[in-house]
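Report on one structure; see the data block that follows.
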Amino acid sequence: MLPAAHRMLRSEDFGAAVRSGARSGTRRLVIHYRAGEAGQDAPALVGVVVPKKQVARATHRNRIKRRVRALMRERVGRLSPGTMLVVRGLAGADGAASPELARDLDRCLERVQALAGGRSSHEHRG
């Protein structure tokens, strides 16, 4: 289970991460990543959603969410303070093995962190 301090609960936080964050995806997961600002002491927040349109059965949606939260519990320490991360599970995540989900999650995290870092470094040069 993801530690309570790192759980994204407010819809405003989900919206902010999705609207203004960097995005990366695979056929199983899509990640929206909004980097924390320098000097923030707030914990990184992680939210997991699985749209009913993508995965119709509630038991399957809940299983995907539990598995992604367990994977994020191992990775949340690598996120900088104040980061907002939303992981959206897609139909391909249903039935995927945990190592496959972990690989997709790591690949997407690397991409969005590079994108977010590239944006800020480009803005400072500009």
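When reading the values below, keep in mind they use all heavy atoms of this one structure, side chains included, and skip hydrogens, waters and symmetry mates. If you read the sequence from its start, that first residue is 1, and numbering goes on from there.
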> Given Val46, which of Met72, Met84, Met8 fulfils the side-chain contact (heavy atoms from CB on, under 4.5 Å) condition?
Replying inline: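 Only match with Val46 under side-chain contact (heavy atoms from CB on, under 4.5 Å): Met72.
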> Of Asp104, Val87, Thr26, which meets side-chain contact (heavy atoms from CB on, under 4.5 Å) against Ile31?
Replying inline: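 Per the side-chain contact (heavy atoms from CB on, under 4.5 Å) rule, the option paired with Ile31 is Val87, out of Asp104, Val87, Thr26.
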Would you give the length of the straight line joining atom [atom1] of [X] to atom [atom2] of [Y], rounded to the nearest 0.5 angstrom?
| X | Y | atom1 | atom2 | value |
| --- | --- | --- | --- | --- |
| Leu29 | Arg88 | CG | CZ | 10.0 Å |
| Arg7 | Asp13 | CZ | CG | 14.5 Å |
| Leu105 | Arg67 | CG | CZ | 11.5 Å |

Is [X] reaching over with its side chain to a backbone N or O of [Y], donor-acceptor style, under 3.5 angstrom?
| X | Y | answer |
| --- | --- | --- |
| Ser20 | Ala16 | yes |
| Glu100 | Ala97 | yes |
| Arg61 | Ala56 | yes |

>> Determine whether Leu85 and Leu109 satisfy the following criterion, side-chain contact (heavy atoms from CB on, under 4.5 Å), listing intermediate values before the conclusion.
In response: CA-CA 9 Å; Leu85 179 76; Leu109 278 171; 4.0 Å; yes
Starting from [Y], can I reach [X] by hopping between I/L/V/M/F/W/Y residues whose side chains sit under 4.5 Å apart?
| X | Y | answer |
| --- | --- | --- |
| Leu2 | Val86 | no |
| Tyr33 | Leu90 | no |
| Val48 | Val55 | yes |
| Leu45 | Val18 | yes |

>> Using the side chain to side chain donor-acceptor pair (under 3.5 Å) criterion, which residues pair with Arg69? Sequence neighbours excluded.
In response: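 Partners of Arg69 under the side chain to side chain donor-acceptor pair (under 3.5 Å) test: none.
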> Can you name the side chain to side chain donor-acceptor pair (under 3.5 Å) partners of His60, sequence neighbours left out?
Replying inline: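 With neighbours one apart ignored, the set is Arg63, Asp94.
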>> Within the 4.5 Å heavy-atom criterion, are Arg23 and Val112 side-chain neighbours or not?
In response: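 No. Closest side-chain heavy atoms not under 4.5 Å.
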> Is Val50 close to Asn62 at the side-chain level, that is, under 4.5 Å between some pair of heavy atoms?
Replying inline: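 Contact flag for Asn62/Val50 side chains = no.
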Would you name the heavy atoms of [X] and [Y] that are closest together and state the gap between them?
| X | Y | result |
| --- | --- | --- |
| Ala17 | His32 | O-CB, 3.7 Å |
| Leu115 | Ala22 | CB-CB, 3.9 Å |
| Pro43 | Ala5 | CG-O, 3.4 Å |
| Arg73 | Pro3 | CG-CD, 4.2 Å |
| Ser98 | Leu71 | O-CD1, 4.3 Å |
| Ser80 | Gly36 | OG-N, 4.1 Å |

> Is the shortest distance from a Lys or Arg side-chain nitrogen in Arg103 or Asp106 to a carboxylate oxygen in the other one below 4.0 Å?
Replying inline: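 Asp106 and Arg103: not salt-bridged.
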